[in-house]
Amino acid sequence: MEIEKIYEPQKTESRWSQFWLDSNLYRADPSAPPPVFSIVIPPPNVTGSLHMGHMLDHTIMDAAVRWHRMRGDNTLWLPGTDHAGIATQLMVERMLAEQGITRKQLGREEFERRVWEWKEKYGSRITDQMKHIGDSVDWSREQFTLSAELSPAVIEAFVRLYEKGLIYRGAYMVNWCPRCQTAISDLETVHQESQGSLWHIKYPISGTDRFLTVATTRPETMLGDTAVAINAKDARYFDLHGQTVRLPLMDREIPIVLDDMADPAFGSGAVKVTPAHDPNDFELGKRHNLPRIQVIDEQGHMTAQAGAYAGLDRFEARRRVVADLEKLGLLAKIEPHHLSIGRCDRCKTVIEPLVSTQWFLKTKPLAAKALEAAADGSIRFVPDNWNATYLNWMTNIRDWCISRQLWWGHRIPAWHCGDCREITVARTQVETCPKCGSANLEQDSDVLDTWFSSGLWPFSTLGWPNQTQDLATYYPTSVLITGFDILFFWVARMIMLGIELTGQVPFRQVHMHGLVRAGDGTKMSKTKGNVIDPLDITAKFGTDAVRVSLLIGVAAGTDIVYTEEKLTAARGFANKIWNASRLLFLNMDRSGVMPAVPEPGALVELEDRWIFNELHRTADGVNRAFENHRYHEVAETLWHFFWHDFCDWYLEIKKQRLVENSGLTNDWKNLLSVFASALKLLHPIMPFLTEELWSKLDQTTSISLERYPVAGVMDEAAGRQMAVLQKIITEARTQRANGNLGMKTLEGQLFVDEAAGPLVEAQAAVIDKLTNVKFTVQRENPLPGGFRVVLIAPAQDTAAQRVRLEKEIAQHQKLVADKDRQLQNEKFMQSAPAHIVESLRVKRAEYQEQLEKSRAALGGLA
RNA sequence: GGGCGCGUAGCUCAGUUGGUUAGAGCGCCUGCUUCACACGCAGGAGGCCCGGGGUUCGAGUCCCUGCGCGCCCACCA
């Protein structure tokens with residue numbers, strides 16, 4: 001068999017991803033027997049392309065899914081994409097802008113058509129990339145949040161929630177993005193600390209020559225002030241209650257009201273009140289029945305109500321207002337002040353709080369159930385410290401503004417009567433107004449927040465509201481695997497909507513992983529230019545290497561710092577597996593063994609008993625690690641087993657036993673069956689390489705359809721015996737290295753006591769071969785440590801040896817003394833459990849033996 | 001203002017319920033082109049586990065406290 005010396009993933013990966021795709025291997029069958037493992041993908045935006053965060057996310061999911069499938073679970077991994085309302089609309093708008101077209105010029109229908117066109121053309125980029133990296137999803141069940149298939153679920157959800165009184169419409173203060181021209185939710189605003197100013201403005205108190213000074217960070221809003229508030233407990237101002245001030249620049253009388261919102265300790269203690277442009281003032285205005293004067297419009301320009309400032313941009317208006325106040329001598333002072341400014345998550349435009357008529361979801365009742373689900377354990381967070389964050393957010397949740405003034409999205413299923421103004425919410429097109437019978441109806445022009453439809457994802461994709469077989473089998477899903485950055489946006493909302501609409505939690509566990517960071521620990525960002533494109537590195541290093549390098553760093557709850565060194569190391573591991581296989585295949589040719597996976601032979605040789613025991617322990621550890629979402633442990637356990645047990649010891653011993661033209665010996669049976677088991681264990685984390693090697697074993701089916709368990713056998717005695725063998729071999733190698741004895745074959749004496757004797761005599765050939773020493777074995781009783789290695793060499797560097805031995809002696813003397821002190825400690829002896837005391841005694845004896853061994857060796861030098 | 005997390009080898013990180021020489025990978029040093037692999041093999045050096053206090057027979061691990069760093073949430077003008 002021809003096999004290259006270096007593993008070149010480029011040569012095979014695309015073949016296998018295509019094979020997995022074409023053969024429909026991962027199509028789920030709801031009628032298959034339980035247990036069920038189901039998982040839905042966090043739908044990436046259609047506008048997106050795969051980044052390292054996805055790569056990590058998908059690697060974990062794919063590994064988990066492949067593992068479950070190999071265990072024989074009825075497994076579904078459902079893929080799909082999100083229509084990403086604002087993001088997609090923005091993208092198409094920008095494209096149109098290049099041709100000098102605005103969406104308003106096109107009109108709604110044509111614009112929507114263009115977005116669909118864009119989606120058809122470019123929207124499959126990320127799913128193509130998923131196919132490329134071999135995600136073992138069920139493509140036959142691929143979904144899209146805005147598809148005709150999912151729309152009924154969205155409408156059904158909206159109507160049901162509306163009918164229950166959980167969705168309402170009204171004029172409230174919302175976060176308005178003047179650029180996107182839409183309301184956005186609290187979560188879509190990002191707060192940024194920045195250095196601003198606090199302007200102190202003097203408002204003349206009517207009928208007096210006194211002033212009431214107010215402090216504000218947004219002087220332009222004073223044009224819309226309809227009151228000044230003071231605190232009832234503030235003795236400085238109490239007498240002013242009920243009086244009025246004359247609002248500068250607008251020349252309007254506004255009342256002075258008492259309200260706790262005014263903090264006597266802040267600024268001057270008096271607050272200007274602009275109910276139309278500040279959330280707090282909005283609430284205060286309601287309490288005091290104040291009028292709302294809107295001075296800033298949806299574009300961020302001053303309205304006609306702003307008098308002389310009408311038409312100005314809000315920031316320009318600020319400068320003018322300040323300048324004019326200063327001219328009038330009404331500006332008391334300007335203080336530097338740091339504050340946090342809300343910006344649009346998408347376009348970073350400064351948010352304008354505006355009163356606007358929108359649709360809202362009442363969240364408190366949903367949150368109560370969502371909290372309960374976390375409290376009673378029906379949803380478990382991994383790691384569980386996310387509970388606190390979740391609880392905190394759910395407890396302080398505010399109503400969710402779900403309407404957007406966009407064109408790309410699920411149109412709100414509500415119809416407005418042009419005659420009687422009645423609003424009718426319905427599942428299907430409303431033709432006549434149920435109140436007045438008018439046919440003059442128009443559907444609400446708003447669309448729903450993208451996250452509303454993604455919030456239904458775990459059940460809408462399975463057929464809800466219809467009671468499909470998929471829904472019955474795969475819902476609730478088993479686990480959600482995602483980054484913590486969308487805990488509130490998505491995870492929390494799925495939980496609320498899932499429980500409310502289906503009566504069940506949408507998933508039983510939530511595994512949250514961290515961010516993938518750049519090598520210097522900072523976030524990857526396009527502006528910083530430190531973004532790693534996963535497709536670049538998979539092309540260069542191989543997908544399996546990328547996967548392993550990510551998994552090995554993914555300890556629960558912490559971010560991953562991503563460096564090229566990890567990638568190189570993981571590629572080395574892939575190459576190691578490749579070359580171990582190369583050794584096997586080359587020797588199979590020589591031995592005349594056909595590529596196949598045989599049943600294990602008899603476990604006679606020590607190395608066979610030992611490796612099957614290690615295999616057993618490894619499989620056990622890997623299974624446990626998968627169950628507990630400890631993916632780094634999965635990778636590390638397998639790495640260690642394959643490299644340091646299988647290659648370093650087992651293959652090194654075994655290859656001495658492979659004889660030309662011997663046929664399928666017992667050695668071969670064991671070797672091949674361990675190898676096949678190792679491939680199976682590795683497959684979930686390294687699907688490409690293992691599939692390639694599996695096929696070289698002349699297996700006709702995909703390894704991903706193979707079943708655990710692997711061929712492990714528990715044999716702890718073999719483990720102990722092998723440890724002795726390894727110690728002897730290592731001791732001989734160390735002496736050779738420390739004595740600068742070169743690589744030539746040496747003579748040596750191996751002294752062993754009665755206990756170690758039979759083992760060493762049986763393994764003499766192995767010891768000789770692995771140490772390149774011709775040993776003569778002699779009994780010696782008693783013998784500290786059970787064995788003693790003496791290399792016979794002409795030019796030993798005795799000085800260096802002496803130094804080393806003296807150091808060892810000192811070390812062990814201290815250790816023995818430590819143990820003695822412990823063992824003489826009465827309190828320890830009373831309270832420590834028996835096995836601890838016992839192991840301490842054993843250790844002490846070992847140290848004592850080593851101490852004596854070193855002393856004997858030192859004596860031998862002289 | 002609340003909440004979460006981190007600090008262990010030069011670097012990136014593991015370290016289960018407290019249990020006795022603190023581990024890995026990379027890097028470093030020494031030797032090796034040995035017919036699977038130099039993307040390799042063998043051997044090795046390197047740690048007041050952030051500081052201080054406490055609980056305990058025993059603390060990297062639990063408690064308190066200080067320092068340093070990061071993140072999330074929040075309508076203080």
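Worth saying up front: this structure is predicted, and the values here are computed from it rather than measured. Lettering of chains follows the sequences in order, A, B, ..., and the numbering in each one begins at 1.
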Next item on the list: Describe, in one word, how the ring planes of A/F675 and A/F585 are oriented to each other, choosing from parallel (under 30°), tilted (30 to 60°) and perpendicular (over 60°).
Entry: perpendicular

Margin query: Angle between ring planes, A/Y631 versus A/H511, binned at 30° and 60°: parallel, tilted or perpendicular?
Written below: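 Rings of A/Y631 and A/H511: perpendicular, as their planes differ by over 60°.
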
Touch class at under 4.0 angstrom, heavy-atom based, for [X] against every strand present:
{"X": "A/A569", "value": "sugar-phosphate"}
{"X": "A/D263", "value": "base"}
{"X": "A/A570", "value": "nothing"}

Item checked: Within residues 726-735 of chain A or reaching into it, pairs that qualify as salt bridge (charged side-chain N to carboxylate O under 4.0 Å, His left out) - sequence neighbours excluded ->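 Those involving residues 726-735 of chain A do not exist here.
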
Notebook entry, point to check: Can you find a heavy atom in the side chain of A/I729 that is under 4.5 Å from one in the side chain of A/W649?
Noted result: yes

Item checked: Within-4.5 Å side-chain heavy-atom neighbours: A/V271 and A/D263 ->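 Side chain of A/V271 against side chain of A/D263, heavy atoms only: no contact under 4.5 Å found.
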
Taking only nitrogen or oxygen atoms into account, show me every contact under 3.5 Å that the protein makes with nucleotides 32-38 of chain B, one pair per line with its distance.
from	atom 1	to	atom 2	distance (Å)
B/A36	O3'	A/R582	NH1	2.9
B/A36	O2'	A/N579	OD1	2.3
B/A36	O2'	A/R582	NH1	3.1
B/A36	N7	A/K655	NZ	3.3
B/A36	N6	A/E652	OE2	2.8
B/A36	N3	A/N579	O	2.9
B/A36	N3	A/A580	N	3.3
B/C37	O4'	A/N579	OD1	2.8
B/C37	O4'	A/N579	ND2	3.4
B/C37	O2'	A/N575	ND2	3.1
B/C37	O2	A/K576	NZ	3.1
B/C37	N3	A/K576	NZ	2.9

Sub-3.5 Å pairs of nitrogen or oxygen atoms, protein against nucleotides 46-50 of chain B:
none

Note to self: Please confirm whether the ring centroid of A/Y7 lies under 6.0 Å from the ring centroid of A/W578.
What the structure shows: yes

Note to self: If you count every heavy atom of other residues, nucleotides or ligands that lies below 6.0 Å from A/R617 atom CZ, does the total exceed 12?
What the structure shows: no

Notebook entry, point to check: Taking the side chain from A/R218 and the backbone from A/D278, do they hold a donor-acceptor pair closer than 3.5 Å?
Noted result: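 No, the answer is negative, given that no donor and acceptor are paired below the 3.5 Å cut-off.
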
State whether [X] places a side-chain N or O below 4.0 Å from either non-bridging phosphate oxygen (OP1 or OP2) of [N].
{"X": "A/T734", "N": "B/G44", "answer": "yes"}
{"X": "A/W649", "N": "B/A42", "answer": "no"}
{"X": "A/H632", "N": "B/C13", "answer": "no"}

Next item on the list: Could I get the full list of salt bridge (charged side-chain N to carboxylate O under 4.0 Å, His left out) partners for A/K655, not counting sequence neighbours?
Entry: A/E652

Sub-3.5 Å pairs of nitrogen or oxygen atoms, protein against nucleotides 17-24 of chain B:
from	atom 1	to	atom 2	distance (Å)
B/U20	O2'	A/K819	NZ	2.7
B/U21	OP1	A/Y847	OH	3.3
B/U21	OP2	A/K819	NZ	2.6
B/U21	OP2	A/Y847	OH	3.3

Next item on the list: Classify every nucleotide of nucleotides 7-12 of chain B by which part a protein heavy atom approaches to under 4.0 Å, writing B for the base, S for the sugar-phosphate alone and - for neither, in 5'-to-3' order.
Entry: -----S

Note to self: side chain to side chain donor-acceptor pair (under 3.5 Å), that's the test. Do A/S591 and A/W668 meet it? Break it down for me.
What the structure shows: CA-CA 9 Å; A/S591 300; A/W668 268 115; 3.1 Å; yes

